[in-house]
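Below you'll find the structure, written out as structure tokens, and then a few comments.
Values in this document were obtained by computation on a predicted structure and should not be read as measured data.
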Amino acid sequence: HLRLVESGGGLVQPGGSLRLSCAASGYTIDDYVIGWFRQAPGKEREGVSCMASRSGTTDYPDSVKGRFTISRDNARNTVYLQMNSLKPEDTAVYYCAAVRPRSLIHDVAICISNSADDFDSWGQGTQVTVSS
């Protein structure tokens, strides 16, 4: 069973930056598609970044494109989410999630779909609050 543990959340002023970490154990993380999701109170869970396992192709919604960057350190079995130019509307609990793709096509399709339902391993979440 793949275990995921997020860290790095906190309180930051608008315009600031944070880097979230998602440490994996149990399996090698580069065999998995990794997604970062967030959920604000009263809102649905939203995908904010995704990285395919084989190609490393990344995908972002327009709401964070150009501000968020997902990356992977295979040696540390850890995935990161660098968040810059943070806005109050970025306030949410952030989760990392993973799924082992069934095929090369599935590997790419998961990130295109950007649906939480496609992922079967989840971390516990870390709170990000953007406020002055």
Side chain to side chain donor-acceptor pair (under 3.5 Å) involving [X] - partner list, sequence neighbours excluded:
X	result
Arg100	Tyr32
Thr58	none
Ser85	none

Does some side-chain heavy atom of Ile70 sit less than 4.5 Å from a side-chain heavy atom of Tyr60?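 Counting from C-beta outward, Tyr60 and Ile70 do come under 4.5 Å.
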
For the atom pair [atom1] ([X]) and [atom2] ([Y]), what is the distance rounded to the nearest 0.5 Å?
X	Y	atom1	atom2	value
Ile105	Ile110	CD1	CD1	12.0 Å
Ser121	Leu4	OG	CG	6.0 Å
Leu2	Ser25	CG	OG	7.0 Å
Arg3	Gln124	CZ	CD	8.0 Å
Asn114	Phe119	CG	CZ	7.5 Å
Arg67	Met83	CZ	CE	9.5 Å

Keeping Gln13 on the side-chain end and Ser132 on the backbone end, is there a donor-acceptor pair under 3.5 Å?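 A pair under 3.5 Å: no.
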
Using atom types as modelled and distance alone, determine if a side-chain donor or acceptor of Glu6 lies under 3.5 Å from a backbone N or O of Leu20.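 Flag not set: sc Glu6 to bb Leu20 has no pair under 3.5 Å.
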
Would you kindly confirm whether [X] and [Y] end up in one hydrophobic cluster when ILVMFWY residues are joined by side chain heavy atoms under 4.5 Å apart?
X	Y	answer
Tyr27	Ile29	yes
Val12	Val64	yes
Trp122	Ile34	no

Under the salt bridge (charged side-chain N to carboxylate O under 4.0 Å, His left out) rule, collect the residues that match up with Arg76, sequence neighbours excluded.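 Arg76 satisfies salt bridge (charged side-chain N to carboxylate O under 4.0 Å, His left out) with Asp73 only.
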
Excluding sequence neighbours, so at least two apart, what forms side-chain contact (heavy atoms from CB on, under 4.5 Å) with [X]?
X	value
Ile112	Val108
Ser7	Ser21
Thr28	Asp30, Asp31, Asn77
Ser71	Tyr80

Taking ILVMFWY side chains as joined if any heavy atoms are under 4.5 angstrom apart, and letting links pass through other members, which residues group with Leu104?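 Taking Ile, Leu, Val, Met, Phe, Trp and Tyr as members, Leu104 stands alone, with no cluster partners.
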
Give me the other members of the hydrophobic cluster that Leu11 sits in, counting Ile, Leu, Val, Met, Phe, Trp and Tyr linked by side-chain heavy atoms under 4.5 Å, directly or via other members.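 When side chains under 4.5 Å apart are linked, Leu11 ends up in no cluster with other residues.
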
Do you know the tightest heavy-atom contact between [X] and [Y]?
X	Y	value
Thr57	Ser55	OG1-OG, 2.7 Å
Val33	Cys111	CG1-SG, 3.8 Å
Asn84	Ser17	OD1-OG, 2.9 Å
Val79	Trp36	CG1-NE1, 3.7 Å

Only pairs at least two apart or in different chains count here, so list each salt bridge (charged side-chain N to carboxylate O under 4.0 Å, His left out) that has a residue in residues 55-65.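 Residue pairs with at least one partner in residues 55-65: Asp62-Lys65.
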
For a quick test of your reading: what N or O donor-acceptor pairs under 3.5 Å do the side chains of residues 37-54 make, sequence neighbours left out?
residue	atom	partner	partner atom	Å
Arg38	NE	Glu46	OE1	2.8
Arg38	NH1	Asp90	OD1	2.8
Arg38	NH1	Tyr94	OH	3.0
Arg38	NH2	Glu46	OE1	3.3
Gln39	OE1	Arg45	NE	3.3
Gln39	OE1	Arg45	NH2	3.2
Gln39	NE2	Lys43	O	3.1
Glu46	OE2	Ser63	OG	3.3
Ser53	OG	Asp107	OD1	3.1
Ser53	OG	Asp107	OD2	3.4

